[in-house]
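Below is one structure; the comments refer to it alone.
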Protein chains: 2
Amino acid sequence: MPFTNNEFRTAFSVDNVIFGFDDADLNILLIKRAEEPFANHWALPGALVHQDEDLRDAPIRVLKELTGLDNVFLEQVKTFGKVNRHPSGRVITIAYYSLINIHQVSPQAMSFAEKVSWIKIKDVNELAFDHNEILEFTLSKLRRDVKRRPIGFELLPDTFTLSQLQSLYEAVLDKELDKRNFRKKILSMKLLLDVKEYQQGVAHRPAKLFSFDPDRYLTLKAEGFNFEI
Amino acid sequence: MPFTNNEFRTAFSVDNVIFGFDDADLNILLIKRAEEPFANHWALPGALVHQDEDLRDAPIRVLKELTGLDNVFLEQVKTFGKVNRHPSGRVITIAYYSLINIHQVSPQAMSFAEKVSWIKIKDVNELAFDHNEILEFTLSKLRRDVKRRPIGFELLPDTFTLSQLQSLYEAVLDKELDKRNFRKKILSMKLLLDVKEYQQGVAHRPAKLFSFDPDRYLTLKAEGFNFEI
DNA sequence: AAATGAAAGTGAAAAAAGAACACTAAGTCC
DNA sequence: GGACTTAGTGTTCTTTTTTCACTTTCATTT
């Protein structure tokens with residue numbers, strides 16, 4: 001190994017920004033820390049990266065522990081590396097975000113956490129470490145990404161109505177959209193499969209259900225199709 | 001410190017993708033490695049991150065050593081962390097890219113390098129480590145960024161002609177642009193200052209010279225102006 | 001000094017995309 | 001049966017993007 005001992009005084013971690021959508025608001029999964037530093041503060045879930053683990057496997061491990069989910073949409077955001085970002089020593093952290101269907105999950109408290117909870121984005125207050133900065137940067141990346149690629153579906157159940165999809169986009173972008181224009185645009189992408197079923201148990205006209213067509217997405221992507229909303 | 005010894009077996013490096021434009025092609029600054037592993041191979045310049053150094057200061061240090069330049073456009077790209085990406089041990093690397101004016105610089109060979117050279121993007125072959133993957137990802141990010149924000153100016157001299165600016169965009173995007181549409185678009189952003197001078201020593205009608213107006217840029221950015229090309 | 005070559009500079013018309021906008025339909029609930 | 005709630009649907013206007021060709025101004029050549 002060509003490295004002197006001195007270069008190993010830095011630890012590295014990942015932090016997960018896990019987004020969920022509850023039919024009205026965008027939420028993130030936060031933990032309440034059980035240990036110092038920042039005991040009793042809300043924080044992003046995270047973990048140290050294992051020595052023999054590919055970087056991307058670390059946030060996957062955190063997600064699995066926390067939610068039981070495997071195969072989740074996961075995207076690297078940015079690495080945060082100020083010398084003093086962690087009070088107990090040098091820790092460089094790589095932020096990831098995920099999109100999950102909030103109803104698929106009943107999160108479990110994990111090692112470092114006293115408590116795990118979904119918090120509406122707009123209700124997030126002071127977080128531990130530099131996690132507010134990480135969250136803010138991640139949100140802006142999510143907003144950019146969601147306009148560029150059809151990733152919003154990851155936050156919804158397998159079948160959903162166009163109104164649900166629209167409120168999801170409105171929650172993520174924090175902006176109202178025109179119903180007719182939204183439908184025109186989304187349907188013109190041909191990414192939705194009509195599942196020939198209707199919403200049930202609602203006190204109004206039931207909406208048609210759609211599902212996302214991942215094959216169609218791959219085909220269009222290969223053709224360089226533009227998915228901008 | 002809450003970390004056990006075991007967690008420090010990973011080293012941290014940064015790798016710099018330094019872009020320069022030579023009036024026709026997009027180039028990057030590569031080093032020819034003097035040492036194993038990958039002795040005699042071309043590679044991205046990089047360095048281990050110092051213990052007491054903010055992450056972002058590491059690529060700034062590399063740039064300074066290599067080019068003598070300070071105040072350079074620098075953007076974080078992505079972190080690469082496969083377990084076996086470095087044959088001598090676990091090294092996680094954070095990629096950055098910079099845009100510099102190629103004529104401002106006569107690069108100096110640095111510690112690890114036998115040789116430093118500008119290479120046209122299209123002439124880049126096999127690089128050391130996973131540097132081809134890093135370069136490819138960085139190029140795609142540059143192409144996205146250049147459409148989103150007026151960063152192309154960083155690659156040009158202080159004053160430049162509209163044709164130079166256009167060939168720069170064409171080189172970066174690897175795509176021909178319509179002269180009239182390009183001018184219309186770029187001038188409508190009001191980011192160019194007419195320096196009231198003309199090109200000299202060319203065997204054709206001399207072009208007007210412009211410079212970039214950074215104040216104007218900051219004002220427009222604060223207003224949420226859209227700079228898409 | 002006239003002709004040639006080479007890039008600079010300029011606008012209008014057509015097509016495409018985006019934004020604004022209001023009523024009818026199909027259910028449940030009371 | 002009436003009230004209530006959300007679903008669903010097209011057209012017009014505005015803005016943006018695309019397409020396309022000729023004249024100007026300099027240096028160089030003869």
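Chain letters run A, B, ... following the sequence lines, proteins first and then strands; every chain starts at 1.
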So which protein nitrogen or oxygen atoms get under 3.5 Å of nucleotides 27-30 of chain C's nitrogens or oxygens?
unit_1, atom_1, unit_2, atom_2, d
dG27(C), N2, Ala203(A), O, 3.2

Residues in salt bridge (Lys or Arg N to Asp or Glu O under 4.0 Å) contact with [X], at least two apart in sequence or another chain:
X	value
Asp57(A)	none
Arg205(B)	none
Asp194(A)	Lys208(A)
Asp174(B)	none

| Of the residues in residues 144-180 of chain B, which ones touch DNA chain C at a heavy-atom distance under 4.0 Å? |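 Under 4.0 Å from DNA chain C: Ser163(B), Lys179(B), Arg180(B).
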
| field | Partners meeting side chain to side chain donor-acceptor pair (under 3.5 Å) with Thr79(B) (sequence neighbours left out) | value |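 Residues passing side chain to side chain donor-acceptor pair (under 3.5 Å) with Thr79(B): Thr79(A).
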
Among residues at least two apart in sequence or on other chains, which ones pass side chain to side chain donor-acceptor pair (under 3.5 Å) with Lys64(B)?
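Listed in chain order: Asp70(B).
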
Q | Flag side-chain contact, heavy atom, 4.5 Å: Ser211(B) against Phe153(B) | A |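 Result no, sub-4.5 Å side-chain heavy-atom pair not found.
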
Does OP1 or OP2 of dG18(C) have a side-chain N or O of Lys185(A) closer than 4.0 Å?
->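 Yes, within the criterion.
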
Once you round it to whole Å, what is the distance between C1' of dG8(D) and CZ of Phe182(A)?
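That distance rounds to 14 Å.
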
In whole angstrom, give the distance that lies between atom CD of Gln199(B) and atom P of dA27(D).
->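 Interatomic distance, CD of Gln199(B) to P of dA27(D): 11 Å.
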
Taking only nitrogen or oxygen atoms into account, show me every contact under 3.5 Å that the protein makes with nucleotides 11-13 of chain D, one pair per line with its distance.
unit_1, atom_1, unit_2, atom_2, d
dT11(D), O4, Lys184(A), NZ, 3.1

- Task: Give every residue pair that meets the salt bridge (Lys or Arg N to Asp or Glu O under 4.0 Å) criterion with at least one member in residues 145-158 of chain A, sequence neighbours excluded.
- Result: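 For residues 145-158 of chain A, and leaving out neighbouring residues, the salt bridge (Lys or Arg N to Asp or Glu O under 4.0 Å) pairs sorted by first residue read Glu75(A)-Arg149(A), Lys141(A)-Asp145(A), Asp145(A)-Arg148(A).
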
Pairs meeting criterion salt bridge (Lys or Arg N to Asp or Glu O under 4.0 Å) with involvement of residues 117-128 of chain A, two or more places apart
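The answer is Asp22(A)-Lys120(A), Asp25(A)-Lys120(A), Asp25(A)-Lys122(A).
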
Counterpart residues, ring-ring contact (aromatic ring centres under 6.0 Å, His included), relative to His41(A) (two or more places apart):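 Once residues adjacent in sequence are excluded, the partners of His41(A) under the ring-ring contact (aromatic ring centres under 6.0 Å, His included) criterion are Phe38(A).
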
